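The block underneath contains the structure these notes are about, expressed in structure tokens.
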Amino acid sequence: MIQILGSQQISREQLQRLRRTAEEAVAFFEQHFGPVETPLKIDVGPDSPGLTTGYNLESDTISFPQSKQLVNQGLDSVDVIDHEIFHALVAQRFPHTSTPEKMKDPDGLRLHEGLADYFAYKLHPDRHFGENYRDDKEYLREYNTEM
């Protein structure tokens with residue numbers, strides 16, 4: 001149920017690590033939200049569309065484009081992979097929450113982003129989000145888990 005487009009353009013090790021990360025995220029999602037019935041599409045390699053890593057609602061695809069600022073196209077950051085997978089799976093499982101109109105609403109967008117971060121945190125709990133994503137930063141942000 002996981003399609004990795006452009007897989008021939010990354011190393012076998014990278015492909016295996018990406019597939020394993022995606023399988024863990026899908027299994028976790030299914031455990032908490034129900035079955036995933038649509039293939040998860042991930043596009044990697046130099047031909048991956050988009051300027052930044054992200055989930056595209058129209059194509060129902062997660063893109064990991066090449067960028068000079070990213071470590072290995074972002075494929076070394078399990079947090080970012082899990083975060084984007086959450087967006088894709090929520091859009092598939094609960095399409096009414098991910099319409100273009102809802103994604104333009106700042107409150108809806110904040111909710112999606114926060115839940116995607118929380119999903120990534122639950123899979124790999126530590127103090128930081130986005131380690132090994134950019135070459136100019138150790139991580140993207142700190143989780144605020146103190147109440």
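Just so it is clear, the structure is predicted and the values come from calculations on it, not from any experiment.
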### Task
Evaluate the criterion side-chain contact (heavy atoms from CB on, under 4.5 Å) for residue pair Asp43 and Phe64; output intermediate values, then yes/no.
CA-CA 6 Å; Asp43 197 348; Phe64 287 91; over 6 Å; no

Just wondering, do [Y] and [X] contact through their side chains at under 4.5 Å, heavy atoms?
{"X": "Ile2", "Y": "Pro39", "value": "no"}
{"X": "Ile85", "Y": "Ile62", "value": "yes"}
{"X": "Val90", "Y": "Thr97", "value": "yes"}
{"X": "Tyr139", "Y": "Arg127", "value": "no"}
{"X": "Pro35", "Y": "Arg93", "value": "yes"}
{"X": "Phe29", "Y": "Val36", "value": "yes"}
{"X": "Val44", "Y": "Gln9", "value": "no"}
{"X": "Ser63", "Y": "Thr53", "value": "no"}

Could you tell me whether [X] atom [atom1] has more than 12 heavy atoms of other residues or ligands within 6.0 Å of it?
{"X": "Gln8", "atom1": "CD", "answer": "yes"}
{"X": "Lys41", "atom1": "NZ", "answer": "yes"}
{"X": "Phe94", "atom1": "CZ", "answer": "yes"}

Identify whether [X] and [Y] are in the same connected component of the hydrophobic contact network (ILVMFWY, side-chain heavy atoms under 4.5 Å).
{"X": "Leu5", "Y": "Ile42", "result": "no"}
{"X": "Val71", "Y": "Leu18", "result": "no"}
{"X": "Val78", "Y": "Phe119", "result": "no"}

### Message
Angle between ring planes, Phe28 versus His32, binned at 30° and 60°: parallel, tilted or perpendicular?
### Response
tilted

### Query
Do Gln69 and Asp136 meet the criterion of a side-chain donor-acceptor pair at a distance under 3.5 Å?
no

### Message
Is it true that Glu24 and Thr21 share a donor-acceptor pair across their side chains at a distance under 3.5 Å?
### Response
no

### Task
Check step by step if side-chain contact (heavy atoms from CB on, under 4.5 Å) holds for Leu40 and Asp60.
CA-CA 8 Å; Leu40 179 68; Asp60 190 29; over 6 Å; no

### Query
Within the distance-only criterion (no hydrogens, no angle test), does the side chain of Asn72 pair as donor or acceptor with the backbone N or O of Gly74 below 3.5 angstrom?
no

### Message
If we ignore hydrogens and angles and just use 3.5 Å, is the side chain of Gln14 paired with the main-chain N or O of Ser11 as donor and acceptor?
### Response
yes

## Note on the structure
The reported gap from CG in Leu109 to CD in Glu113 (rounded to nearest 0.5 angstrom) is 5.5 Å

### Summary
dist Thr61:OG1 -> Asn56:CG (nearest 0.5 Å) comes out at 6.5 Å

Looking at every non-hydrogen atom in both residues, tell me the closest pair between [X] and [Y] and how far apart they are.
{"X": "Ala91", "Y": "Ser98", "value": "CA-OG, 3.5 Å"}
{"X": "Tyr143", "Y": "Asp126", "value": "CD1-O, 3.3 Å"}
{"X": "Pro100", "Y": "Leu57", "value": "N-CD2, 3.9 Å"}
{"X": "Leu70", "Y": "Pro65", "value": "CD1-O, 3.9 Å"}
{"X": "Ser77", "Y": "Gly130", "value": "OG-CA, 3.6 Å"}

### Query
For the ring pair His112 and Phe86, is the centre-to-centre distance below 6.0 Å?
no

### Message
Please tell me whether Tyr55 and His87 form a close aromatic pair, meaning their ring centres lie under 6.0 Å apart.
### Response
no

Is a salt bridge present between [X] and [Y], judged by a nitrogen-to-oxygen distance below 4.0 Å?
{"X": "Arg110", "Y": "Asp107", "result": "yes"}
{"X": "Asp117", "Y": "Arg141", "result": "yes"}
{"X": "Asp76", "Y": "Arg17", "result": "yes"}

### Task
Apply side-chain contact (heavy atoms from CB on, under 4.5 Å) to Leu89 and Val26, showing your working.
CA-CA 8 Å; Leu89 296 178; Val26 169; 4.1 Å; yes

### Message
I'd like to know whether Glu23 forms a side-chain contact (heavy atoms from CB on, under 4.5 Å) with Met1, so could you lay out the CA-CA distance, the side-chain angles of the two residues, the decisive distance to 0.1 Å, and finally the verdict.
### Response
CA-CA 9 Å; Glu23 287 170 351; Met1 300 272 309; over 6 Å; no

### Message
Let's go through Asp82 and His124 carefully: what are the C-alpha distance in whole Å and the side-chain angles of both, what is the deciding distance for side-chain hydrogen bond (donor to acceptor under 3.5 Å, both in side chains) to 0.1 Å, and is it a yes or a no?
### Response
CA-CA 9 Å; Asp82 292 339; His124 302 281; 3.3 Å; yes

